[in-house]
> 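Dumping the structure here so I can ask a few things about it.
Numbers here simply count residues along the sequence, with the first being 1. Both ligands and their constituent atoms are indexed starting at 1 by order of listing.
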Amino acid sequence: MNVGLPKEIKDNENRVGLVPSGVAALTRAGHEVVVEAGAGGGSGIEDGEYEAAGGKILPSADAVFARAEMIVKVKEPIEPEYERMREGQILFTYLHLAPAGTLTDVLLKRRVTGVAYETITAANGTLPLLTPMSEVAGRMSVHVGAYYLQKSNGGRGVLLSGVPGVPPADVVIIGGGVVGTNAAKIAAGMGADVTVLEASPDRMRELDDIFMGRVKTVASNPHTLEAGCRRADLLIGAVLIPGAAAPKLVSRTMIGTMKKGAVAVDVAVDQGGCFETTHATTHSKPTYLVDDVIHYCVANMPGAVARTSTFALTNSTLRYALELANKGFERAVGENPHLAAGVNTYKGKLTYEAVAQAQGKSFTPLEKTL
Ligand SMILES: NC(=O)c1ccc[n+]([C@@H]2O[C@H](COP(=O)([O-])OP(=O)(O)OC[C@H]3O[C@@H](n4cnc5c(N)ncnc54)[C@H](O)[C@@H]3O)[C@@H](O)[C@H]2O)c1
């Protein structure tokens, strides 16, 4: 198969869909990989590294899209990319189609095979191509919290670890899933006093086993949330109810009881946020104040550490790209129901039910189109 790797053009997107080792794996398997010049630049990967891995550098995105049978990307295509996609081309990327009516129409009209990272499933019911970005965002939430707690950055002037004779900061994490666990790891590693508020008793048992008492778990309810907010130097929102908007667990009143100069990082902002006071921010202006509490609510946190995020993402996506390239689309999705779950559009039909429902469009099961 001919696989194409264009440069991402969405604002501030520095990740890239394949790293040189991925290109090497594809070429070793007998495929051709065409790479747009400069595609890896935002992640610190030179064209020469792709060439050394067997990739062929092409001068423009137009050339890559024209040649490739499968395009491997990171973000959903934006306007200038619409025209480049063509019938039967596989588009393997994050798509997030539910709120994107125009893009969905383009993929259907142009009969593009849209395979979305975010809907590919794993045998244990998780979404394996979302996990690496949750790991990045969870770990990063503590870095940004520590940074904004510094007086010079508007915070209350607290060092997460404390020092001998001065107690560590209180880090309160709401939700002990992938984001919450990774946040807890880094916060505990930095010496903070860490509490995770979780709704699932089973998950609390797992956290207790993982952290062996180094991190406290508390059953999440309005009472414990109130107490957590009053105590926190750094509050991290990390809940998820799959497929639903994040529940507003932290009310405006609770934020009002927090210490002045405390920091509230709402990682769940991409699902609407779990603080009543959350609104989405960007890397160019990441924070705002509510009741003297610094809010950090960036919806694409992994973008700040593009190189790490690129390698983390491609570690997980490559096996599916190889499966699609080695077997061809129909055999690959026929043999792997978890990969088939990623197919959102095929042959001009919308094959992902939740997207069809969200947009009031008709849904066609993938099996009926194969
Ligand atoms: N902002 C970003 O850049 C970014 C990056 C990655 C992920 N995210 C988002 O972070 C959120 C968390 O993702 P995740 O991968 O950790 O999800 P996850 O499913 O692994 O974890 C969510 C956890 O929340 C718990 N939970 C549910 N209701 C709760 C409640 N009332 N109180 C306490 N805990 C509750 C669940 O039991 C689960 O353990 C998602 O919204 C995800 O989209 C944001």
> A246 near ligand 1, heavy-atom distance under 4.0 Å?
no
> Ion pair present between R331 and E335, side-chain N to carboxylate O less than 4.0 angstrom?
yes
> Any nitrogen or oxygen of D266, side chain or backbone, less than 3.5 Å from one on ligand 1?
no
> Which bit of T131 gets closer than 4.0 Å to ligand 1, counting heavy atoms only: side chain, backbone, both or neither?
neither
> Checking T345 side chain against V112 main chain: does a donor-acceptor pair fall under 3.5 Å?
yes
> Can we say E330 and K347 salt-bridge, meaning some charged N sits less than 4.0 Å from an Asp/Glu carboxylate O?
yes
> Which protein heavy atom lies closest to atom 32 (N) of ligand 1, and at what distance to 0.1 Å?
S220 OG, 2.8 Å
> Taking both backbone and side-chain atoms of V298, is any N or O found less than 3.5 Å from an N or O belonging to ligand 1?
yes
> Taking distance alone, with no angle check, do M301 and ligand 1 share an N/O pair under 3.5 Å?
yes
> Can you tell whether the side chains of D202 and R205 come within less than 4.0 Å, N to carboxylate O?
yes
> Mind checking whether L130 contacts ligand 1 via backbone (N, CA, C, O), side chain (CB onward), both or neither, at a 4.0 Å heavy-atom cut-off?
neither
> Would you say NZ of K248 has more than 12 non-hydrogen atoms from neighbouring residues, nucleotides or ligands within 6.0 angstrom?
yes
> Is there a polar contact between ligand 1 and A137, counting only N or O atoms under 3.5 Å apart?
no
> Keeping E32 on the side-chain end and V3 on the backbone end, is there a donor-acceptor pair under 3.5 Å?
no
> State if A299 counts as touching ligand 1 under the rule of any non-hydrogen atom under 4.0 Å.
yes
> Could you tell me, atom by atom, which parts of ligand 1 come under 4.0 Å of a heavy atom of S134?
6 (C), 7 (C), 13 (O), 14 (P), 15 (O)
> Could you find the nearest protein heavy atom to atom 31 (N) of ligand 1 and give me its residue, atom name and distance?
L249 CD1, 3.5 Å
> I need the nearest protein heavy-atom contact for atom 40 (C) of ligand 1: residue, atom name and distance, please.
L240 CD1, 3.8 Å
> Judging by distance only, is a nitrogen or oxygen of S200 under 3.5 angstrom from one on ligand 1?
no
> For atom 10 (O) of ligand 1, find the nearest protein heavy atom and state the residue, atom name and distance (0.1 Å precision).
V179 CG2, 3.6 Å
> Please list all pairs passing the ring-ring contact (aromatic ring centres under 6.0 Å, His included) test where one or both residues lie in residues 160-187, with sequence neighbours left out.
none
> Between D291 and K260, does any side-chain N to carboxylate O distance fall below 4.0 Å?
no
> With heavy atoms under 4.0 Å as the rule, classify the contact between D270 and ligand 1 as side chain, backbone, both or neither.
side chain
> When you compare ligand 1 with V178, is there at least one nitrogen or oxygen pair between them that comes in under 3.5 angstrom?
yes
> Is the count of non-hydrogen atoms from other residues, nucleotides or ligands lying under 6.0 Å from K109 atom NZ greater than 12?
no
> Could an N or O of ligand 1 be found under 3.5 Å from any N or O of I241, whether backbone or side chain?
no
> Taking only residues at least two apart or on different chains, which pairs with a member in residues 71-109 satisfy ring-ring contact (aromatic ring centres under 6.0 Å, His included)?
F92-Y117, Y94-H96, Y94-Y117
